[in-house]
Amino acid sequence: MSQIDTLPPLRDVIATHQLSARKSLGQNFLLDLNLTAKIARQAGDLTGCDVLEIGPGPGGLTRGLLAEGARRVLALEKDSRCLPALNEIAEAYPGRLQVINGDALEIDPLEYLTPPVRVVANLPYNVGTELLVRWLTPKDWPPFWQSLTLMFQREVAERIVAQPGSKAYGRLAILAQWRAEARIVLSLPPGAFTPPPKVSSAVVHLDALPEPRYPADAATLSRVVAAAFNQRRKMLRASLKGLSPDIEDHLVAAGIQPTERAEQVSLEAFCALARSLKPLD
Ligand code: SAM
């Protein structure tokens, strides 16, 4: 195994700065720098890019991103205990790492970033899903990011890439595949993390499409799929009746049988339904 940088091993960093993992912050750290460099490579060519990293923790993935040549890394970390360790990395890579201490759900990072931007994160899963949905549903497209490379629970990763007719198919699959090309690029067993989580993980890579696969208003499509999959066993005429008094007409106009269930409906048909409910300007 080769060394990716001359900074101390992560076990020593964690011991020096007393970064015992906190469950409340979803802290399962990656300590193998060859693995973090490998994850960084899944994000594509970083040399001409700013990278937005969420949840750097002691900095394993941050070091991977910098060693793989990221032009700049902007790292948002909620746990202030990690700042001294992250400052040491910033000193080793002058001018290339900026750290902001705060909650990624509340910080708007755009003013600190210069395009092209790639997003890379190993986050607690609930925060990761919430951010993913936000990144996929801005009103206008293309978004501020060129790609997202995100660690998820394996089961969530499978939901992002799922196809119609499968149990995993739902809101995440539709929102992700509508505006991006999504694939699982790496699988990791619990033992890759310290402490090990209960479940396996996977890295999903999403490339933003230049434009959505089918036209639709983002907010309407989000509302339709949330309602449709919230009661996924019901027929769509029942699960969607709160959206419009004429929901059966809209379903038929979109080429969907009112008796179908959400699981059977393609992305293209959901977009047609969103357009029928709210025609685009
Ligand atoms: N990136 C590091 C690694 O791969 O070893 C740490 C990963 S750990 C799974 C998740 C990190 O996200 C922790 O450092 C945690 O403190 C941080 N975090 C949790 N919630 C956050 C939030 N809302 N905003 C920013 N960082 C958060």
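Numbering of ligands and ligand atoms starts at 1, following listing order. The analysis underlying the following values was restricted to heavy atoms, covering all of them including side chains, and did not include hydrogens, waters or symmetry mates. From a predicted model like this one, the values you see are computed outputs, not experimental measurements.
Among Thr149, Thr36, Thr62, Leu52, the single residue meeting the side-chain contact (heavy atoms from CB on, under 4.5 Å) criterion with Val120 is Thr149.
Summary of contacts: the protein heavy atom closest to atom 2 (C) of ligand 1 is Pro56 O, 3.3 Å.
The distance from the CD atom of Gln257 to the CE atom of Met235 is 11.0 Å, given to the nearest 0.5 Å. One finds the CG atom of Leu240 at 11.0 Å from the NE2 atom of His250 (value rounded to the nearest 0.5 Å).
Legend: residues meeting ring pair (Phe, Tyr, Trp, His ring centres under 6.0 Å) with Phe229, ordered by chain and number and at least two apart, are Tyr169, Phe270. Listed by chain and residue number, nothing satisfies the ring pair (Phe, Tyr, Trp, His ring centres under 6.0 Å) test with Phe152 (two or more places apart in sequence, or in another chain).
Which parts of ligand 1 touch Leu76 is read off a 4.0 Å heavy-atom cut-off, strictly below it: atoms 25 (C), 26 (N). Ligand-side atoms of ligand 1 in range of Gly102: 24 (N), 25 (C), range being under 4.0 angstrom from any heavy atom. Taking a cut-off of under 4.0 Å to the non-hydrogen atoms of Ala104, the atoms of ligand 1 that pass are 22 (C), 23 (N), 24 (N), 25 (C). Close approach to Pro124 involves these atoms of ligand 1, each under 4.0 Å from a residue heavy atom: 10 (C), 12 (O), 19 (C), 20 (N). Every atom of ligand 1 is numbered from 1 in the order shown, and the set under 4.0 Å from a heavy atom of Asn28 is 7 (C), 8 (S), 9 (C).
Of the candidates Glu106, Glu130, Lys78, Lys78 brings a heavy atom nearest to atom 26 (N) of ligand 1. Of the listed options Ser201, Gly59, Gly55, Gly55 places a heavy atom closest to atom 12 (O) of ligand 1. Taking each of Asn122, Leu35, Ile39 in turn, the one with a heavy atom nearest to atom 4 (O) of ligand 1 proves to be Asn122. Proximity annotation for atom 16 (O) of ligand 1: of Arg81, Met151, Glu77, Glu77 comes nearest, heavy atoms only.
Arg22 does not count as a contact of ligand 1, since none of its heavy atoms falls under 4.0 Å from the ligand.
Taking the charged nitrogens against the carboxylate oxygens, Arg213 and Glu181 do have a contact shorter than 4.0 Å, which makes a salt bridge.
No side-chain heavy atom of Leu74 sits less than 4.5 Å from a side-chain heavy atom of Glu53.
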